[in-house]
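For reference, the structure is listed below as structure tokens.
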Amino acid sequence: MDFLGINPVLLIASLMVSATPILLAAIGETVVEKSGVLNLGVEGMMIVGAVVGFITAVNTENPAIGFVTAAIAGALLSTIFATLVLHLKSNQVATGLGLTLVGLGISALLGKPYEGIKSPTLQSLDIPILADIPIFGRMLFSHDAMVYVSILIVGLVWYTLKYTRAGLVLRAVGENHDAAHALGYKVIRIRFLAIMFGGACSGLGGAYISLVRVPQWTEGMTAGAGWIALAIVVFASWKPWRTLIGAYLFGGITVLQLNLQAAGVAIPVEYLSMSPFLITIAVLVIISARGNQGAPASLGRPFHASN
Amino acid sequence: MKLKSILTSAIAAVALGTAAIAADIKVGFVYVGPVGDGGWTYEHDQGRKAVVEAFGDRVETIYQENVPEGADSERVMTQMALQGADLIFTTSFGYMDPTINVAKKFPNVKFEHATGYKRADNVSTYSARFYEGRAVQGHIAGKMTKTNKIGYIGSFPIPEVIRGINSAYIHAKKVNPDVEFNIVWAYTWFDPAKEADAANALIEQGCDVVLQHTDSTAPQAAAEKAGNVITFGQASDMAEFGPLPRVSSIIDDWGPYYVARTQAVLDGTWTSMDTWDGIGPGMVKIGEISSAVPADIKAEAEALRDALGSGEYHAFTGPLNKQDGTPWLAAGETADDGTLAGMNFYVEGLTGTIPQ
């Protein structure tokens with residue numbers, strides 16, 4: 001069953017865990033960008049979610065409450081961005097970068113008393129019947145609830161964007177905000193809500209790192225996951241299911257290269273370490289070679305009703 | 001109203017002025033991770049706090065966290081020098097060339113670079129003989145492992161890390177000839193999620209001891225979750241993970257050195273030098289060996305620690321061969337500091353190659 005000394009069942013099981021934080025953040029950002037706003041503050045919202053989720057989980061001894069408050073914290077932080085960008089017309093790129101810095105700072109401040117404390121973590125579900133299936137049970141059906149929640153969110157976003165009126169309106173706002181405004185849609189309000197959804201998803205992703213994947217609080221612990229999530233949105237051409245593929249591919253290669261090293265496979269480590277990035281670049285090249293990448297036409301453009 | 005605000009700002013200016021006069025010197029610290037990493041940077045910041053405590057108002061300290069190795073660190077050091085720092089500690093290997101570059105531009109500022117080997121008239125280097133602590137870890141690891149597989153999370157393939165791997169391996173092998181080392185290079189000093197993944201990969205491979213040369217406590221948490229795996233605190237005690245998985249630790253104690261060097265600048269006696277201290281002078285400490293380690297192994301480990309500290313035993317004592325089988329040290333011969341400082345080879349028995 002082993003391949004190059006690596007058990008593929010354990011590999012896939014651990015890649016799903018390792019990819020979940022970036023998947024959550026990426027699917028949230030997909031919705032934000034579909035509404036025509038570029039929020040580069042994903043990293044900041046993730047880390048605030050990580051610290052707030054950790055603090056509440058430790059104090060309530062309930063990781064589920066931790067995740068809920070992490071989502072709320074991420075959404076609240078994103079309202080600062082939304083207000084600045086939508087109401088005060090500040091530059092989206094600069095404001096997003098600022099949000100990341102603010103988030104890193106706030107989280108360091110809040111997290112100081114919580115360093116070195118252990119948190120209650122989510123138990124794996126071991127779904128009855130399904131978890132007993134040989135191979136696939138261990139691989140796919142014995143994770144913690146958040147892994148399935150993240151996939152569910154991807155499914156919901158896909159369905160909403162593709163089949164519902166709300167999704168159609170959101171996409172219209174992202175493609176051409178002037179036309180959407182002329183049709184009577186509340187561009188600002190829709191974008192505000194999309195940004196809050198993105199913040200909540202980033203918060204969940206951050207909390208997954210501090211409550212499940214690591215599980216502890218360390219300053220700066222997201223260590224760039226938010227930037228990878230932003231890249232995955234582009235990688236996925238703003239399509240929900242492709243974000244899932246992108247996140248699992250990236251998470252998978254990261255885990256695979258560490259496993260190959262641990263198994264002592266004689267491939268130079270430099271190649272293994274750069275492989276996640278090489279493959280990401282390769283896929284981006286292939287996608288862009290096919291032309292239309294599906295970027296929302298109004299992405300990053302400020303909107304004012306007077307235009 | 002206007003007069004009042006002018007007066008207030010005048011008072012503020014005077015207050016600021018006196019504050020600046022009050023401190024005799026300003027000491028800067030450049031950190032590679034956050035001060036709350038619980039490991040490497042945490043201990044350097046404890047050293048900074050020791051300086052504050054020792055000198056009070058006579059010395060002002062400034063620090064910058066999360067400074068990437070490379071060009072960005074040059075900017076940070078330059079900024080500190082321009083702010084009037086008299087002494088700057090740069091606390092990661094990757095700051096070596098930037099420190100030298102910035103030191104050239106500010107000949108009157110003293111620099112202290114940790115773990116490097118390039119010096120100048122105003123650049124000292126200092127490091128700790130972590131490998132002595134690794135020897136103690138290797139001994140405990142070799143005795144405690146049941147699967148005979150020991151995992152090692154390396155950061156970057158630099159001499160400091162390679163020395164640690166060799167030292168741990170030599171002493172594990174000495175007490176357990178069947179022991180094998182699985183080494184994973186994380187290519188980061190600090191990335192809790194990646195460190196956790198690396199620890200998990202090693203544990204999935206059957207390692208029941210995980211040694212780390214990265215700075216966060218994430219591998220400890222991963223080992224705790226997996227159960228039946230032991231770990232060692234890195235750079236800091238990490239006692240919160242004891243008695244299991246953390247069974248002991250290497251603690252870096254920079255405080256006395258930082259105080260001494262600050263004193264030297266105050267006295268005007270500072271000169272460029274190279275300091276490399278181990279268990280003996282107290283720069284490396286072995287954290288409490290926990291109750292999870294049987295008493296006889298604990299006693300042996302402590303005896304090894306004391307022998308290393310007193311200098312009667314050297315962690316690299318022959319006969320030792322290099323990985324390819326060529327002789328390195330004859331029986332009873334000990335390694336010289338020059339070879340250790342530039343160590344770029346594995347000792348015989350380790351598998352895999354060092355990334356170049």
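Chain letters run A, B, ... following the sequence lines, proteins first, then strands; residues in each count from 1.
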**Message:** Please classify the contact of B:Glu224 with chain A as side chain, backbone, both or neither, using a heavy-atom distance under 4.5 Å.
**Reply:** side chain
**Request:** Side chain from CB out, backbone as N, CA, C, O: work out which of these in B:Thr217 comes under 4.5 Å of a heavy atom of chain A, or both, or neither.
**Result:** both
**Asked** Side chain, backbone, both or neither: which part of B:Asp197 has a non-hydrogen atom closer than 4.5 Å to chain A?
**Response** both
**Prompt:** Among B:Gly352, B:Ser216, B:Gly33, B:Pro34, which has the most heavy-atom pairs under 4.5 Å with chain A?
**Reply:** B:Pro34
**Fill in**
Closest heavy-atom pair, B:Gln205 versus A:Ala262, reported as atoms and distance to 0.1 Å, is CG-CB, 3.7 Å
**Asked** Tell me, side chain or backbone of A:Val255 under 4.5 Å from chain B's heavy atoms, or both, or neither?
**Response** side chain
**Request:** Check whether any side-chain N or O of B:Lys225 sits under 3.5 Å from a backbone N or O of A:Arg213 as a donor-acceptor pair, and report yes or no.
**Result:** no
**B:Asn182: side-chain hydrogen bond (donor to acceptor under 3.5 Å, both in side chains) partners, not counting sequence neighbours** = none
**Prompt:** Which bit of B:Ile183 comes within less than 4.5 Å of chain A, counting heavy atoms only: side chain, backbone, both or neither?
**Reply:** backbone
**Message:** Tell me if the CG atom of B:Asp72 is crowded by more than 12 foreign heavy atoms within 6.0 Å.
**Reply:** yes
**Prompt:** Which one, A:Leu10, A:Leu11, A:Val17, A:Thr254, leads in non-hydrogen pairs under 4.5 Å with chain B?
**Reply:** A:Leu10
**Asked** For B:Gly36 and A:Thr218, which heavy atoms make the closest approach, and how far apart are they?
**Response** O-CG2, 3.9 Å
**Asked** Excluding sequence neighbours, so at least two apart, what forms salt bridge (Lys or Arg N to Asp or Glu O under 4.0 Å) with B:Glu288?
**Response** B:Lys298
**Item:** Residues, nucleotides or ligands: over 12 heavy atoms within 6.0 Å of B:Tyr31 OH
**Value:** yes
**Request:** Give the C-alpha distance, both sets of side-chain angles, the deciding distance and a yes or no for side-chain contact (heavy atoms from CB on, under 4.5 Å) between B:Glu65 and A:Glu219.
**Result:** CA-CA 11 Å; B:Glu65 309 170 83; A:Glu219 207 182 311; 3.2 Å; yes
**Prompt:** Among residues 184-196 of chain B, which ones touch chain A with a heavy-atom distance under 4.5 Å?
**Reply:** B:Val184, B:Trp185, B:Tyr187, B:Phe190, B:Asp191, B:Pro192, B:Ala193, B:Lys194, B:Ala196
**Asked** Is any side-chain heavy atom of B:Ile153 closer than 4.5 Å to a side-chain heavy atom of A:Gln261?
**Response** no
**Request:** Give the minimum heavy-atom separation between B:Ala198 and A:Leu258, together with the two atoms involved.
**Result:** N-CD1, 3.7 Å
**Item:** More than 12 heavy atoms of other groups within 6.0 Å of A:Glu61 CD
**Value:** no
**Item:** A:Leu230: side chain to side chain contact (heavy atoms under 4.5 Å, CB included) partners, not counting sequence neighbours
**Value:** A:Glu29, A:Glu33, A:Leu40, A:Val42, A:Trp227
